[in-house]
Amino acid sequence: MAEADIAYVATAGAAGLALGVSAWALRLRARLSAAVAAAERDRDAAQADLSRHDSMLRAFDDVSLALTAEGEASGAPIGPAELIARLTASDAAVGSGMDQGEAGQAILTRLRLSHAVSIEALVEAGKAFESLIDLGDIEPWRVEGRVAGGVAWLRLSPASRVVLTGADATESGLSLLGDASPIPTWIVDGAGRLAWANRAWLSELGAQSVDEVLDKGLSFDRGADALIAEAGRLGLRQEGFRWTTGGGHRRAWRIIAEPAAGGAVTAFAIEVTEAEETRDTLRRHVDAHDETLNHLADAVAIFGPSKRLAFHNTAFQTLFDLDPAWLDERPTHAELLDRLRQRRRLPEVVDYAGWKARELEFYGASQAAPDDSWSLPDGRTLRVVRQPHPLGGILLIFSDITDELNLRSRFNAQIQVQRATLDKLNDAVAVFGSDGRLRLHNEAFESFWRLPSDRIAASIDFDALAELCKAVLPDPALWLGLKARVADPDPESRIAISGEGRTIDGRIAAWQTRPLPDGATLVAFSDVTARRGLEQALVQREQALAESQALKREFVGNVSYELRTPLTTIVGYSELLETMGDLPERSRQHAGAIRVAAVQLARSIDDVLDMAQIDAGEMELSLGDVRVCDLLNEAAEKVRPKVEGRGAVLTVACAADLSPIRADEHRIGQALDHLLENAARAVSEGGAVTLTAEAGASEVRLTVSDTGRGIPYHLQAHVFDRFVRRERGGPGVGLALVKALVELHGGWAEVESEPGKGAAFILHLPLGAATTAAPPELQLDRPQAVETAD
């Protein structure tokens, strides 16, 4: 190709390239212009949107604060300057010299004083929270924590601008229950202050208005206030129970705290005093019921509808010797039966499974089952009572009747013995109950009234039986009196009586009644015909004996008179012969012997007369004050010549301060004379006779002792018997008279002797004898006399 062509082509290509680049540049510019315009429009829109968001955030009365990942303030707080100033405790956040970042940090520092844990949980775990906080301002602040766009935010706003308070809460509709509701109702606003209360609530506090309550700082109950605060904090309904005291009364309340919109809480106080008192009464009744059952001797067990043990008393655990801890686990009825079977506390049966199934069938019964008895392997017998429980289940009562059965067996045996004993009695015995019906009679009763047992069994009523008995003893007054004793419950009418009557066949029937302890009456009849005949014979014999005694006394008196007259003559002439001077000495001795014998015979006659007088009960004592020492000396002087004549010594021992006693001086002296005469005969040469007087607490003891030959042991028991042969003095009534005279004074006599060593006769005389025949002597001062004698 030519160079011109090449140049041309090159030039043409360059021009085309230039045109193409120009066209592309124009198109690119147009696109860039459009992109710039779109970017400017987007920028303007973003700025407008940002301005709107910023305006929206600042349009509301709250402050927002972003937090960094480390929990620090991220940038300045967003919100009205006035609220930021209040939160930072400064006059103004802007223009006061405080940096915006410093303001955010100051707010965060104040929040951490009370909500550090919640803020930390928000930053680390994104856990939201909401709460009220008192920042020392005029009102509390509401604090919210949220996570948005990976950033933790805190939002703070005054409580009055986000919750209802005061009248606003009242007007929110929470007071719709009405002021006339009888239930105390009140509303607490989101700040925890009383907003409204009805008349019932105000009446409980004794206030006229809410303002008065606020001024006085009154409260319904501190516990109720805490419950309301909890409901407001959690936003959940809360219920509680409180007791209050007012007007001298204690009242129970059920408190209900219901959260409402805006953080307010409506509270209701429902009085449940009556219900609580009823519940408390029921609880005490149940406790008393359980305590009563625990004091019962019978074992009680209650099983509920689920067949589990619901209650058992102490006797139940003791009766079966079960572990209390195991019983507290509330075993089933089947488990209890198995445990009792293991411990051999159940009757031994062949088919235990069938027996157990029958025991558990009682749960379906509508009526109480008949009483049952269990014979346990240990020998005990239990009575089992089963009955449906009013609240469902079954009630079991176990009674140990082993002793009862033993007592019943012994009682039946005793009754049989009593019947057999009554049948062996000769008296006709019948026992009537308090209802007048015949309960018991013996075979002698049938024989006495000649009535067969079948007729008596057909006529057990007293009137019917009395009609049968009247055929044998027709005495209407007798049967009326017996009926009064049998049927009248008056104790005075049931006193024991007795009497006699004559039957139509001539028998003498004696009857008597005896009241029995159980209200019954025993009536006994006996045939006393032979007894009355014997008594008549005894009366006649007694009369004959009395006549013979009278004859004996008359005979003794006549004999004594007939004997005493010649004895007096003999004594007189013997004394005369002894005084004659020309009488030989031997004759004088004979005359003296005659005189002594005559005197001794006269004395024996006097003793016999005295004994006869004592036996007849006709001897009377002449009581007076007797000086014992003088009496002993006089008696000793009478017998001293005889004692000393036998070569013995007579000694008298009597205390000088011995008080006088009240007695018959002559009769006591007579007794001493006999004892001294007896001692004088027993003593020998070189011996001694002692007469002693000793004072006791209520008596004086006179003792006559000698050192003679003593009394054999086999004769000592009969030494005071009359007309018994004795080695000392022969037969006679001397010692018997001594014993009789002492006993006539109310004393007693005894002898102490050892053969070969002498004997001692002791007379126990009371300090003061008493007899109706005694003259009215001056009474002695007995206590002083006893004290002197001691």
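Atom-to-atom distance recorded for H441:NE2 and F448:CZ is 14.5 Å, nearest 0.5 angstrom. The structure places CG of D475 at 9.0 Å from CG of L480, a figure rounded to the nearest 0.5 Å. Distance NE2/H745 to CG/L621: 4.5 Å, rounded to 0.5 Å. Once rounded to the nearest 0.5 Å, the distance linking CZ of R455 with CG of L465 reads 10.0 Å. Note that CD of E694 is 10.0 Å distant from NE2 of H764, once rounded to the nearest 0.5 Å. In this structure, OG on S459 lies 10.0 Å from CD on E467, to the nearest 0.5 angstrom.
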Test side-chain contact (heavy atoms from CB on, under 4.5 Å) on V639 and D673 and set out the steps. CA-CA 8 Å; V639 75; D673 291 343; over 6 Å; no
Residues E404, R408; criterion salt bridge (charged side-chain N to carboxylate O under 4.0 Å, His left out); working and verdict: CA-CA 6 Å; E404 180 182 346; R408 185 178 300 175; 2.9 Å; yes
Run the numbers on L482 and F432 for side-chain contact (heavy atoms from CB on, under 4.5 Å), then give the verdict. CA-CA 11 Å; L482 291 180; F432 294 90; over 6 Å; no
Using the rule given for side-chain contact (heavy atoms from CB on, under 4.5 Å), can you reason through H674 versus L737, listing the C-alpha separation, both sets of side-chain angles and the distance that settles it, and then say yes or no? CA-CA 9 Å; H674 279 290; L737 181 61; 3.9 Å; yes
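Using modelled atom types, one side-chain atom of N442 and one backbone atom of V429 make a donor-acceptor pair closer than 3.5 Å. Within the 3.5 Å criterion, the main-chain N or O of A471 finds no donor-acceptor partner in the side chain of W449. With T421 contributing its side chain and V417 its backbone, the two residues share a donor-acceptor pair below 3.5 Å. Formation of a donor-acceptor pair under 3.5 Å by the Q716 side chain with backbone atoms of V751 is not found in this model. Panel note: side chain T521, backbone P515; no donor-acceptor pair is recorded below 3.5 Å. Side chain of T513 to backbone of I497: a donor-acceptor contact under 3.5 angstrom is found.
Within a 6.0 Å sphere centred on NZ of K483, other residues, nucleotides and ligands contribute 12 heavy atoms or fewer. Within 6.0 Å of the CG atom in D630, the count of heavy atoms belonging to other residues, nucleotides or ligands exceeds 12.
Taking every heavy atom of both residues into account, A760 and S705 meet most closely at CB-CB, 3.8 Å. For the residue pair I711 and P755, the shortest heavy atom distance occurs at O-CG, 3.5 Å. What you find for K739 and A749 is that their closest heavy atoms are CA-CB, 4.5 Å. Of all heavy-atom pairs between T402 and G379, the closest is CG2-O, 4.1 Å. The minimum heavy-atom distance linking S434 with R439 is given by the pair N-NH2, 4.2 Å. Scanning both residues, V431 and A520, for their nearest heavy atoms gives CG1-CB, 4.1 Å.
In this structure, I504 and P474 have side chains that are in contact, with non-hydrogen atoms separated by less than 4.5 Å. Two residues are said to be in side-chain contact when any heavy atoms from C-beta on lie closer than 4.5 Å; L763 and L672 meet this criterion. No side-chain heavy atom of V738 sits under 4.5 Å from any side-chain heavy atom of F761. Proximity of D505 to R450: side-chain heavy atoms (C-beta onward) are separated by under 4.5 Å at one or more points. Considering only heavy atoms from C-beta on, T703 stays 4.5 Å or farther from T690 through its side chain. F445 has its side chain within reach of I456: a pair of non-hydrogen atoms, C-beta onward, lies under 4.5 Å apart. With a 4.5 Å cut-off on side-chain heavy atoms, Y713 and E754 count as touching. Between D664 and L741, the closest side-chain pair of non-hydrogen atoms is not below 4.5 Å.
Residues K638 and E634 are not paired through a salt bridge, judged by the lack of any N-O separation under 4.0 Å between the basic side chain and the carboxylate.
When each of T707, N678, V649, L650 is checked for a side chain to side chain contact (heavy atoms under 4.5 Å, CB included) with V683, only T707 meets the rule. Checked options I762, V628, L675; the residue passing with L702 is V628 (criterion: side chain to side chain contact (heavy atoms under 4.5 Å, CB included)).
T529 pairs by the side-chain contact (heavy atoms from CB on, under 4.5 Å) definition with R507, I508, D527, not counting sequence neighbours.
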